[in-house]
Amino acid sequence: MTDQPQGPAGTHPVAAQLLDRSHRLGADPRNTNYAGGNTSAKGSATDPVTGDDVELMWVKGSGGDLGTLRADGLAALRVDRLRALTGVYPGVEREDEMVAAFDYCLHGKGGAAPSIDTAMHGLVEAPHVDHLHPDSGIALACAADGEKLTAECFGQTVVWVPWRRPGFQLGLDIAAVKEANPEAIGCVLGGHGITAWGATSEECEQNSLRIIRDAEAFLAERGTPEPFGPVLSGYEPLPGDERRARAAALAPLIRGLASADRPQVGHWSDSDPVLDFLSRAEHPRLAALGTSCPDHFLRTKVRPLVLDLPPGAPLERVRERLVELHAEYREEYRAYYDRHASPDSPAMRGADPAVVLVPGVGMFSFGKDKQTARVAGEFYLNAINVMRGAEAVSSYAPIEESEKFRIEYWELEEAKLRRMPAPKALATRVALVTGAGSGIGKAIAHRLVAEGACVVVADLNADGASAVADELGGPDKAVAVTVDVTDEEQIKAAFDSAVLAFGGVDLVVNNAGISISKPLLETTARDWDLQHDIMARGSFLVSREAARVMTEQKTGGDIIYIASKNSVFAGPNNIAYSATKADQAHQVRLLAAELGGHGIRVNGVNPDGVVRGSGIFAGGWGAERAAVYGVEEEKLGEFYAQRTLLKREVLPENVANAVFALTGGDLSHTTGLHIPVDAGVAAAFLR
């Protein structure tokens, strides 16, 4: 009796075992990097067409991550058809054609697209196969005498396979190695990683872990104590506070440089392994050699940009040198492309670095979104671990530059990029929204994230800000900062947190505020000062810090003021609030005139009567305004709606929509504008 699937691939017992094994292996970064490696399992099922038993293979499909793999991330293929492809294989020069042939081996509908590594799993005569990228295994794979070291470490149980680009031929090579070495439990793939197999899922997992842990122990026991050489005098890590301050000062400039070809989101890491690597004598030589494992340099580019100044160098000299090194990097990268490109190669995707290393400060990594930027940094950390292991027992010897180019500009990888969905309107943009812990600010933060932006949720209420950041998806989407907008140091700290989290800031929304509704004779000087300190002065301080970051980035930006209908409308008992809103409204015009030369657009939104969800109205303003107009507080929103031309209540989401309209790209040539969001108040028409 065969195992019979009852629905999606994951419900088949063999596939379920595969998912469990994948999750365990992927949960430990010592075993494989994010989205790296793939696993498979073979089992029998009933062919619904013939009623006969058929052998199937479930394998992790293209993309995805082992630690979070789901059933729909598996491809299910017929083993007989997959192995029959050996009869039509046209040879290594045309092996890329075989990827399309995998589609004709699929069993049923749904599931993931088969990856380039499918042949490795299908052609090996073993029920269960793991292909992983552990740092310890790659260290042996990238050592100058990796074949000799593999034999010393494992004896006959793990076999060396020379470097070959992933593909059908590599699958044939591994199958032949297994057949010729029946006692072997797996192999080390030169310049790449490891592959293990087993008769059961448990045995396969044990064999994978045995290879990884034995390699770790071998490197630890045989390795030299200082594989990266002695500490360079003056290159020791800066103290924590100084390191963070220097990173924040440099982040906008570095992000701007890394975005010369296309906008990027940034990530900063000052982990101990990174700082130690950059403090050692051999780091310039090793960094210049670049990464090796295909997964690594696909994420990090062929090599990083490395600052060649000590941590104590004057900040202005560091800035100058980074600009010089960036120009050199772009020239060298273009030369690298020209050396290896053929007429059929994809066009160069951009010459900016994906990883920038600053001794004493840390690593800045970049990508199309925060997760991609963070993962690029994680991959370079993997590369540092690989270099450490290889240098500890031998010398680091990555694959040839020409082979790296073949991977980086592989048509199959290019096809993956073409299949990706178009980016959202605010993709790669970093926004800081004040007063975002509730009401209008919260709605704006939600809309910006929905449109692809990363958001810094800034609010005086730390709990409110944290709750909103969590709602938005956590640190790859949003971070919370506590800030009193009347305090210059807190504003500076908020922007420092923003640039360290995401590389810089492109979009700032001045939304924080309070409202005091009193007749003139009851309005105290303290009322006036408090109202103006928070909104007029606070907006000025936030905009000033935003301009500093944006001009350092040299990539333009947007500053939005959430002003008010009251900035142009004279109502009763409202002198402090309306006057400060008028101040904000004129700041829009003044800053639009001043910052336009830097590509920074400054616009405003004039809401009115936003009662529902409003922190201001809930804090007493609603009761005060209801008393002024002689209506019940619960019906204030209805009252405001009825006095408008459209007879509609204004909600926080309506204001958020206006912010997006101003920043989403369609109004790229608009600055100094105020958009009314008041459902139509004729007395507040702009003239």
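Only this structure's heavy atoms are used, side chains among them; waters, hydrogens and symmetry mates stay out. When a residue number appears, it is its place in the shown sequence, counting from 1.
Residues Val659 and Arg447 have side chains not in contact (no heavy-atom distance under 4.5 Å, counting atoms from C-beta outward). Taking 4.5 Å as the limit, every side-chain heavy atom of Val468 sits out of range of all side-chain heavy atoms of Val455. With contacts defined as side-chain heavy-atom distances shorter than 4.5 Å, the pair Trp268/Arg243 qualifies. Proximity of Pro284 to Val306: side-chain heavy atoms (C-beta onward) are nowhere separated by under 4.5 Å. Using a 4.5 Å cut-off on side-chain heavy atoms (C-beta onward), Ser136 and Arg30 make no contact. For the pair Ile384/Val274, a side-chain contact is recorded, criterion being any heavy-atom separation below 4.5 Å from C-beta on. Using a 4.5 Å cut-off on side-chain heavy atoms (C-beta onward), Ser539 and Val485 make no contact. For the pair Leu253 and Val323, the minimum side-chain heavy-atom distance is below 4.5 Å.
The 12-atom threshold is exceeded at CZ of Arg544, counting heavy atoms of other residues, nucleotides or ligands nearer than 6.0 Å. Residue Asp272 qualifies as open at atom CG: its count of foreign heavy atoms under 6.0 Å is 12 or below. More than 12 heavy atoms of other residues, nucleotides or ligands shown are found within 6.0 angstrom of CG on Asp308. Other residues, nucleotides and ligands contribute over 12 non-hydrogen atoms within 6.0 Å of the CD atom of Glu411.
Between Glu242 and Arg246 there is no salt bridge, since none of the side-chain N atoms of the basic residue sits less than 4.0 Å from a carboxylate O of the acidic one. Taking 4.0 Å as the cut-off between side-chain N and carboxylate O, Arg303 and Glu332 do not count as a salt-bridged pair. Using a 4.0 Å cut-off between charged side-chain N and carboxylate O, Arg319 and Glu552 make a salt bridge. Salt bridge annotation for Arg321-Glu324: present, with a cationic side-chain nitrogen under 4.0 angstrom from a carboxylate oxygen. Residues Asp96 and Arg165 are paired through a salt bridge, judged by an N-O separation under 4.0 Å between the basic side chain and the carboxylate. In this structure, Arg330 pairs ionically with Asp261, as a charged nitrogen and a carboxylate oxygen lie closer than 4.0 Å.
Nearest approach of Ala478 to Val457, heavy atoms of both residues: CB-CG2, 4.4 Å.
Side chain of Lys370 to main chain of Ala501: a donor-acceptor pair is present (N/O by atom type, distance under 3.5 Å, no hydrogens or angles). Between the side chain of Ser259 and the main chain of Gln264, a donor-acceptor pair closer than 3.5 Å is present. Within the 3.5 Å criterion, the main-chain N or O of Thr291 finds a donor-acceptor partner in the side chain of Lys404. A donor-acceptor distance shorter than 3.5 angstrom exists from the side chain of Glu95 to the backbone of Phe168, with no hydrogens or angles considered. Although no hydrogens or angles enter the test, the distance criterion places no donor-acceptor pair under 3.5 Å between the side chain of Thr428 and the main chain of Lys368. The main-chain N or O of Asp352 is found under 3.5 Å from a side-chain atom of Lys301 such that the two form a donor-acceptor pair. Between the side chain of Arg280 and the backbone N or O of Gly229 there is at least one donor-acceptor pair closer than 3.5 Å. Looking only at distances, no side-chain donor or acceptor of Arg601 sits under 3.5 Å from a matching main-chain atom of Thr671. A donor-acceptor pair is defined here as one N or O able to donate and one able to accept, closer than 3.5 Å; no such pair exists between the side chain of Asp459 and the backbone of Ala465. The closest donor-acceptor contact from the side chain of Lys492 to the backbone of Glu545 lies at 3.5 Å or more, if one exists at all.
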Evaluate the criterion side chain to side chain contact (heavy atoms under 4.5 Å, CB included) for residue pair Phe495 and Val508; output intermediate values, then yes/no. CA-CA 10 Å; Phe495 276 85; Val508 167; 4.0 Å; yes
Take Ser342 and Arg406 through the test side chain to side chain donor-acceptor pair (under 3.5 Å) and record every step on the way to the result. CA-CA 10 Å; Ser342 69; Arg406 290 182 69 214; over 6 Å; no
Yes or no on side chain to side chain contact (heavy atoms under 4.5 Å, CB included) for Asp506 and Gln553, after CA distance, side-chain angles and deciding distance? CA-CA 9 Å; Asp506 312 292; Gln553 288 177 155; 3.5 Å; yes
Glu378 and Asn33: side chain to side chain contact (heavy atoms under 4.5 Å, CB included), yes or no, with the steps? CA-CA 8 Å; Glu378 291 172 0; Asn33 44 252; over 6 Å; no
Glu331 and Arg334: salt bridge (Lys or Arg N to Asp or Glu O under 4.0 Å), yes or no, with the steps? CA-CA 5 Å; Glu331 290 179 9; Arg334 183 172 292 280; over 6 Å; no
Dump the intermediate steps for side chain to side chain donor-acceptor pair (under 3.5 Å) on Tyr396 and Glu282, then the final yes or no. CA-CA 11 Å; Tyr396 176 60; Glu282 295 300 320; over 6 Å; no
Going through the distances and angles, do Val456 and Val505 end up as a side chain to side chain contact (heavy atoms under 4.5 Å, CB included)? CA-CA 9 Å; Val456 179; Val505 177; 5.7 Å; no
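Between Leu132 and the options Asn38, Ile138, Leu66, a side-chain contact (heavy atoms from CB on, under 4.5 Å) holds for only Leu66. If you run side-chain contact (heavy atoms from CB on, under 4.5 Å) between Phe228 and each of Arg285, Met387, His283, only Met387 comes through. A side-chain hydrogen bond (donor to acceptor under 3.5 Å, both in side chains) with Tyr34 holds for exactly one of Gln371, Arg374, His133; it is Gln371.
Geometrically, Arg349 engages Tyr409 in a cation-pi contact, judged by NZ or CZ lying under 6.0 Å from the ring centre and within 45° of the ring axis.
Using a 3.5 Å distance cut-off with no hydrogens or angles, the side chains of Tyr561 and Ser543 do pair a donor with an acceptor. Ser497 and Arg244 form a side-chain donor-acceptor contact under 3.5 Å, judged by distance and modelled atom types alone.
Listed by chain and residue number, His340, Glu400 satisfy the side-chain contact (heavy atoms from CB on, under 4.5 Å) test with Ser402 (two or more places apart in sequence, or in another chain).
A perpendicular orientation is assigned to the rings of His192 and His131, their planes being inclined by more than 60° (bins at 30° and 60°).
Taking NE2 of His598 as the reference point, atom OG1 of Thr551 lies at 6.0 Å (rounded to 0.5 Å). Between the CG atom in Asp270 and the CG atom in Leu278 there is a gap of 11.0 Å [rounded to 0.5 Å]. The OG1 atom of Thr663 sits 9.5 Å away from atom CG of Asn603, with the distance rounded to the nearest 0.5 Å.
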